[in-house]
Amino acid sequence: LNARLRSDGDDLDESRPALDGLAQLSVDDAIRVAIANAPSLRRAGYQVDVAAGRVTQTGLYPNPAFVFDAERLGSDAGSGGETVYRIEQEIVLGGKLSKSRRVAESDRLAAQAGFVAEEFAVASRVTRAYFAALTARERLDNRQQLIELSDRLLDAATAQVEAGAATEPDQLRAEVVREQAQIELESARLDYDAARQRLASAMGLDKPITLPLSSESRNLPELPDQDALLTAALEANGRIAVARLAIERARRAHSLAKAQSIPNIVASIGPRYSDPDDETTLDVGLGVEIPLFDRNQGNIRAALADRLSSAAALREVQLELIAEVSNAYAAYQSARAAVTRYDEQLLHKAERTLDLTRQAYQRGKADYLRLLDAQQVVIESRIAYVDALQRLHEAAALLRELAQTEAPWRDSTTDRPNGGTDQ
């Protein structure tokens, strides 16, 4: 974590150059920019620093106290009483400091695990936003093609009406189709603009992305099988790591609660000067709390219950991940099957049907309704194909986030949390 703080807590980090030197934006570029700029990730990094600071503070020994006592100051008798100078120090027993530090260290490790989990969450959000923008652009292209087809159909219908080969309702139907296509085109253009803004926001930027997107949605993601993904999720997922750390923290907190039942000793030493006797003596004192009523029994019981609760929470997270991986993998397989079928069969058949229908229409052997239906089928098939591609990439991104095994944005120079600022 490379955050630098002023003494008053102001962040010295400036926004890092985001898109400098890029002529186009790939999904990997978008992820790297997001890792460097996403405020949620920076906040998670600062939480590691917070936890590291608490580790340091928790392990510090109590400060000694200086006590000054004086009797009969300003007495009319002309002589004072006794004057005492005393140093007091609380002596911590039962290993409370080391046990407290271990509890705080568990919190630091949990914050670090949360940072890593947020890295994958950011990468997943950016990936989904990237392919949403990419497919929104492809939908816009398809709507533009539909407008062009509608214009040609309207011209043909108008010519046939003028030649007496078609009726006015035929031309009106073509005009309606053209207007509907225009409405859908405007909607697709607005969706594309919004998708670019969502991508920029996911990357930690406040202005829409204007660079061309270079990654191809048709480059299908390759993932391991479901069992391998589930195994990775149950071993590496950040929620699992946090849940396991919570169990260890609860164990340490239980040990600390038992240690806190042992009272500390307050030791004191210092000279005492008696003005009437004109002599100086040395005072030594020891004070200890008697654990007669409060033996920290309530906190010990609560800490034990927290240990049991943490173990149940780990099992809960495991079951949730099993269900999430199963659902995401089903969505991945379903989308992949749809993409394959559209790519290998449906699109070719729809385009071949349109081509044959167009030829028949030009020869006068098919009416405009058949041509309209054929072109609608082609556009709808292309849009459905694009939608399936988006679902495929979204499911793959979610599975990578759950498994947390691939982190291509990391390299030898990538900033990582080191448990807070260097100790």
Side-chain angles (χ1 to χ4, degrees), residues 1 5 7 9 44-69 84-117 238-271 282-315 317 417-423:
L1 185 67
L5 300 178
S7 59
Y46 285 125
Q47 290 303 311
V48 178
D49 273 343
V50 169
R54 288 173 178 164
V55 171
T56 300
Q57 186 63 36
T58 302
L60 299 179
Y61 212 83
N63 291 324
F66 173 74
V67 179
F68 170 74
D69 289 330
V84 180
Y85 303 88
R86 185 170 66 250
I87 297 293
E88 294 182 351
Q89 175 65 57
E90 183 179 8
I91 301 174
V92 181
L93 302 179
K96 297 186 189 71
L97 289 181
S98 61
K99 294 178 188 297
S100 296
R101 188 181 181 91
R102 284 196 288 270
V103 171
E105 177 65 15
S106 294
D107 292 335
R108 186 191 69 82
L109 293 174
Q112 188 164 338
F115 178 92
V116 174
R239 285 149 58 191
I240 289 287
V242 170
R244 287 174 178 159
L245 287 167
I247 293 176
E248 178 61 18
R249 185 195 188 282
R251 184 191 68 79
R252 294 176 176 182
H254 185 218
S255 177
L256 172 62
K258 289 190 291 186
Q260 286 172 335
S261 65
I262 302 172
N264 297 333
I265 293 176
V266 177
S268 62
I269 187 171
L282 181 66
D283 285 358
V284 176
L286 288 176
V288 62
E289 182 184 78
I290 300 175
L292 185 60
F293 305 109
D294 181 1
R295 300 181 300 279
N296 208 40
Q297 59 268 37
N299 288 332
I300 293 174
R301 180 178 178 181
L304 178 59
D306 192 39
R307 290 184 66 178
L308 300 175
S309 175
S310 298
L314 173 60
R315 182 57 179 163
V317 171
N418 57 5
T421 53
D422 293 339
Q423 300 297 314

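Excluded from the calculations below are hydrogen atoms, water molecules and symmetry mates; all remaining heavy atoms, backbone and side chain alike, are included.
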Any side-chain heavy-atom pair of Ser100 and Leu256 under 4.5 Å: yes
Any donor-acceptor N/O pair, Lys99 side chain to Gln260 backbone, under 3.5 Å: no
Any donor-acceptor pair under 3.5 Å from Arg101 side chain to Val55 backbone: yes
Euclidean distance, Leu109 CG relative to Arg244 CZ, rounded to 0.5 Å: 14.0 Å
Validation row: Arg249, Val103 side chains within 4.5 angstrom (heavy atoms): yes
Exercise answer: donor-acceptor pairs, residues 300-312 side-chain atoms, under 3.5 Å, sequence neighbours excluded:
unit_1: Arg307; atom_1: NH1; unit_2: His254; atom_2: ND1; d: 3.2
unit_1: Ser310; atom_1: OG; unit_2: Asp306; atom_2: O; d: 2.8

Exercise: identify the closest heavy-atom pair between Gly238 and Ala117: CA-CB, 4.0 Å
Heavy-atom pair of closest approach, residues Asn264 and Val92: OD1-CA, 3.5 Å
Heavy-atom side-chain proximity of Leu282 to Ile269 below 4.5 angstrom: yes
Arg102 and Glu105 ion-paired at < 4.0 Å: no
Heavy-atom pair with the smallest gap, counting every atom of Phe115 and Val48: CB-CG2, 4.1 Å
Heavy-atom closest pair, residues Glu88 and Ser268: CG-CB, 3.6 Å
Closest approach of Thr58 to Ala104 (non-hydrogen atoms, all atoms of both residues): OG1-CB, 3.9 Å
Straight-line distance of Arg295 CZ to Ile290 CD1, nearest 0.5 Å: 13.5 Å
Heavy atoms of other groups near Gln57 CD, more than 12 under 6.0 Å: no
Spacing of CZ belonging to Phe68 relative to CZ belonging to Arg86, to within rounding of 0.5 Å: 11.5 Å
Donor-acceptor under 3.5 Å (Tyr61 side chain, Leu97 main chain): no
CD-CG distance between Glu90 and Asn63, expressed to the nearest 0.5 angstrom: 11.0 Å
Approximate separation, where rounding is to 0.5 Å, of Asp283 CG and Ile87 CD1: 13.0 Å
Nearest non-hydrogen partners of Leu93 and Pro263, listed with the distance: CD1-O, 3.6 Å
Residue Arg54 excluded, over 12 heavy atoms near CZ under 6.0 Å: no
